[in-house]
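Note on naming: letters A, B, ... go to the chains in the order of the sequence lines (proteins, then strands), and numbering restarts at 1 for each one. Treat the numbers as computed from the prediction; the structure is a model and nothing was measured. Values reported hereafter were calculated over all heavy atoms of this structure, with side chains retained and with hydrogens, waters and symmetry mates removed.
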Protein chains: 2
Amino acid sequence: MKLSKRGEYGLRALQDLAVRYGAGSVSNKDLAERNNIPPRFLEQILLTLKHGQIVRSHKGPRGGYYLARPPQQITLAEVVRLLDGPLAPVSCVSATAYEPCGCPDMEACGLRRVMQQVRDVVAQMMEETTLGDLVAE
Amino acid sequence: MKLSKRGEYGLRALQDLAVRYGAGSVSNKDLAERNNIPPRFLEQILLTLKHGQIVRSHKGPRGGYYLARPPQQITLAEVVRLLDGPLAPVSCVSATAYEPCGCPDMEACGLRRVMQQVRDVVAQMMEETTLGDLVAE
DNA sequence: GATTAGTCCGACTGAAATTGTAGGAATTTG
DNA sequence: CAAATTCCTACAATTTCAGTCGGACTAATC
């Protein structure tokens, strides 16, 4: 049930970008230093975030990254799905990557019912929490 | 956020044992066949479940496995923690495997707050759901 | 227009976890 | 004793994870 380092680092970096939203771009180097993330690794992560339309960037000196949308419009679910894959604990209850499991009777499977509930509550929390919520006080 | 095959297979097998609780022991072979689990792999899983005091066994012909306690006294949390490790999405909010993360300010970390909530709600669901609940109708 | 700070991209690598398999010893039933 | 079963340890294939590296490209600044 654990998030990968990619996910963790990515979220930390985005939280940092959310704090600074509107104040220009932040370089990979700064993000890495402030958040204790291996810089070369973070570079890779930011690139996937860019391809996923979550951040934008510009190059050259004084270049860097910034959020592609206001923090209130970026949900944790979106980020985690991009960096870490589906939220569901088992694929037979996944909204985004459904696959049947090998249980004898799908309908009667109590396990599936409760895993579905777990997925639903986690998905709901992640979907209704935005980067904006993270940095609001 | 996904459960391992170990966890999934283990839970499926235990659900099966819960249905048959009180009616003697079930062999690894039967469990494997009924639940579509590689038998040799399941054997290994059942062994860890045994060491974790969740099942008992007896050997020889007509031997097999059975729950060590009534299904109502075995929680999903216990099983998942045994087979899959901590429930927390990040280790800085884990009850059973706490480790500090690298974020600049632990207290101010919004990410940590929401991850804590996710952990709490998942842990609560898993802790209050028993094998008995799985097979009740 | 050269320098320099930065992103962009793909390839690579080492270590660890995951998902099993295999062999054989021990035990119990019939 | 024969057969069925668990127990235990070791091994192996594959995949994933976490991170590194080299170098191309781009833009700002002096």
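Place B:L47 and A:Y9 on DNA chain D by their nearest nucleotides, and B:L47 ends up nearer the 5' end. Residue order along DNA chain C, read from the 5' end via each residue's closest nucleotide, puts A:P61 first among A:P61 and A:E43. Of the two residues near DNA chain C, A:G63 and B:R6, the one whose nearest nucleotide lies more 5' is A:G63. For the pair A:K59 and A:P38, both in contact range of DNA chain D, the more 5′-proximal nearest nucleotide belongs to A:P38.
Remark: A:S4 is not in phosphate contact with D:dT16, judged by side-chain N or O atoms under 4.0 Å from OP1 or OP2. Distances shown here put every side-chain N or O of B:H51 at or beyond 4.0 Å from the OP1 or OP2 atom of D:dC7. Listed pair B:Y65 / D:dT5 fails the phosphate criterion, with no side-chain N or O lying under 4.0 Å from OP1 or OP2.
The shortest heavy-atom contact between B:M126 and B:T75 is O-CB, 3.7 Å.
The local environment of CZ in A:R69 is crowded, with over 12 non-hydrogen atoms from other residues, nucleotides or ligands closer than 6.0 Å. Other residues, nucleotides and ligands contribute over 12 non-hydrogen atoms within 6.0 Å of the CZ atom of A:R34.
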Residues B:R81, B:E127; criterion salt bridge (charged side-chain N to carboxylate O under 4.0 Å, His left out); working and verdict: CA-CA 11 Å; B:R81 287 213 179 92; B:E127 241 137 34; 3.1 Å; yes

A:L3/B:M1 under side-chain contact (heavy atoms from CB on, under 4.5 Å): CA gap, chis, key distance, verdict: CA-CA 6 Å; A:L3 210 59; B:M1 305 293 291; 4.2 Å; yes

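Here D:dA13 presents its P atom at 17 Å from CZ of B:R40, a figure rounded to the nearest Å. Between the CG atom of A:L46 and the C1' atom of D:dG19 there is a distance of 15 Å, given to the nearest Å. Rounded to a whole Å, the CG atom of A:L3 is 15 Å from the C1' atom of D:dT16. Atom NZ of A:K5 is separated from atom P of D:dT20 by 13 Å (rounded to the nearest Å). Taking atom OH of B:Y66 as the reference point, atom P of D:dT5 lies 16 Å away to the nearest angstrom. Residue A:N36 contributes atom CG, which lies 12 Å from atom P of D:dG19 at whole-angstrom precision.
For the side chain to side chain contact (heavy atoms under 4.5 Å, CB included) with B:L131, the lone residue among B:V19, B:D16, B:L14, B:L17 that qualifies is B:L14.
Between B:Y9 and B:F41, the ring-plane angle classifies as perpendicular under the 30° and 60° cut-offs.
The base of D:dT20 lies close enough to the side chain of A:Q44 for a donor and an acceptor atom to sit less than 3.5 Å apart.
For DNA chain C, the residues of residues 10-35 of chain A within the heavy-atom distance limit of 4.0 Å (strictly under) are A:S27, A:N28, sorted by number.
In terms of modelled atom types and a separation under 3.5 Å, the side chain of B:D105 and the main chain of B:E107 share a donor-acceptor contact.
Looking at residues two or more places apart in sequence or on another chain, you find a side chain to side chain donor-acceptor pair (under 3.5 Å) between B:D133 and B:T130.
On the nucleic acid side, DNA chain C has its first and last nucleotide under 4.0 Å of a heavy atom of chain B at C:dT19 to C:dT29, going 5' to 3'.
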